[in-house]
Amino acid sequence: MDHSELPDPATGAPPGGASTSRAAAPTRGGQGVSRSLFAIVAIALAVAGAAAWQDAKNDAKALREEAARRLTAAEAAVALARSSEERTAGELRDAQAKLALLEARLAESQSQQAAIEALYRDLAPSRDDLALAEVEQILLIANQQIALAGNVPAALGALQVAEGKLGRLDRPQIAPLRRAIARDVERLKAVPFTDVAAVASKLDAAIAQVDALPLARDERLPPPRAEVPPTPVPAWRRVLADAWQEIRALVRLEVVDRPMAPLIAPEQAYFLRENLRLRLLSARASILGGQETSFKADLRAAQRWIRQYFDERARPVQQLSDALGQMLATPMPDALPDLAASLDAVRALKAAQERRAATPSSTPPRANR
């Protein structure tokens, strides 16, 4: 670049001297206007920049204040959240401690409940055990009715009651017991029916009548004639009539159509009645015990004594003799069956259940402390 073309630094005039000054004179007014406009624009720009800067500063300040406020609120919320979290954590710890305590108590109660249930199972019989015990008692009573009283209907009714109780249980393990009871029921139904209780009642009535039976030696004379009012007769005829009455009293004629009754002293009549009573009691005990031979032997002896020593013309004696004859005609079974098979079956079933109950199946849980 040529330095001679640079303007003068002191005046600002372009190089070239007067010719240049003359040439530039007409343009100085336009440059001033340009400078003024430039200055105005620059000032306006500066004012606008200052205003924009001030606005930006205000906005930044407001933003900082808002940020500070929000930060303060956030810190307060964080502090509150921390406090709430700490409180919640404390409550959670308390709840966990209470839950652990409840779990421990629950485990302890479960352990106690299991121990109580095990103790109850050991001490209290189950429904099946109670039913089997009742069936065993029923079978024992039925067997006693057969052995002691020969009462087959009562034993048959007891067996039917036992069958009903076992039918309500409906357990497969009691099937052998039900079959044994069914067999005993069929055996009892095949036994000829003898109303032992009715025969025993008749013998009791006969025993009660023994004291009222008239003996054969007790003659029943006809009732005396009604006395006729005496008519006036001479004394000698009255003496002869009295003598004739005395003579007639010494001799009595009687037509006998049966053997003469044996003479029994009054003190022996008591022993006769007691012996007859003992015979009837022995017959009662024999029929209750199912002893047919002794029963009929006692009845025959009692019937023979009644015909021999008591007045058969009296109605009570006839009724008692007929009753003894009917008892002698009563059919008696040869041998009554027993219920040993059913009793053995129920006892075997009870023993099996007791063995199962004695075997420990589970151990009760322990509480965690």
Side-chain angles (χ1 to χ4, degrees), residues 110-204 284-292 295 330-364:
Q110 288 177 349
S111 175
Q112 294 176 354
Q113 182 180 1
I116 292 174
E117 289 178 355
L119 183 61
Y120 178 78
R121 285 194 301 270
D122 293 339
L123 297 180
S126 64
R127 180 169 174 262
D128 294 348
D129 295 338
L130 289 175
L132 289 178
E134 291 179 359
V135 169
E136 185 181 10
Q137 290 300 319
I138 291 173
L139 293 177
L140 287 173
I141 294 173
N143 200 31
Q144 290 175 358
Q145 286 292 323
I146 295 173
L148 299 180
N151 195 347
V152 176
L156 190 58
L159 289 182
Q160 291 173 350
V161 171
E163 279 186 329
K165 288 184 175 293
L166 294 177
R168 287 192 293 270
L169 287 179
D170 193 16
R171 298 286 192 275
Q173 59 268 22
I174 64 175
L177 175 59
R178 298 186 65 180
R179 288 194 295 268
I181 293 178
R183 287 193 296 268
D184 287 338
V185 168
E186 294 300 326
R187 291 169 59 197
L188 289 178
K189 287 181 178 179
V191 174
F193 176 72
T194 301
D195 196 350
V196 176
V199 175
S201 299
K202 291 180 180 179
L203 288 173
D204 290 336
R284 185 180 185 276
S286 298
I287 193 172
L288 292 178
Q291 301 174 3
E292 182 181 7
F295 169 69
T330 302
M332 297 287 292
D334 296 334
L336 293 177
D338 57 7
L339 306 179
S342 297
L343 287 172
D344 292 340
V346 71
R347 287 164 182 167
L349 189 57
K350 286 182 62 179
Q353 287 192 354
E354 290 175 358
R355 286 194 298 270
R356 283 197 301 270
T359 303
S361 57
S362 60
T363 304

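- Between L343 and the choices D184, L177, D338, L139, the side chain to side chain contact (heavy atoms under 4.5 Å, CB included) rule is met once, by L139.
- To the nearest 0.5 Å, atom CD of residue Q160 and atom CD1 of residue I138 are 12.0 Å apart.
- When all heavy atoms of Q145 and A154 are compared, the closest pair comes out as OE1-CB, 4.0 Å.
- Between R187 atom CZ and R183 atom CZ the span is 9.5 Å, to the nearest 0.5 Å.
- Here E163 pairs with nothing under the salt bridge (charged side-chain N to carboxylate O under 4.0 Å, His left out) rule; sequence neighbours left out.
- Scanning for side-chain hydrogen bond (donor to acceptor under 3.5 Å, both in side chains) contacts around D344 gives an empty result, with sequence neighbours left out.
- Between I174 and V135, the closest side-chain pair of non-hydrogen atoms is not below 4.5 Å.
- Once rounded to the nearest 0.5 Å, the distance linking CG of L166 with CD of E134 reads 10.5 Å.
- Between A158 and A142, the closest heavy-atom pair is CB-CB, 3.8 Å.
- Of all the heavy atoms in I181 and A162, the pair that sits closest is CD1-CB, 4.3 Å.
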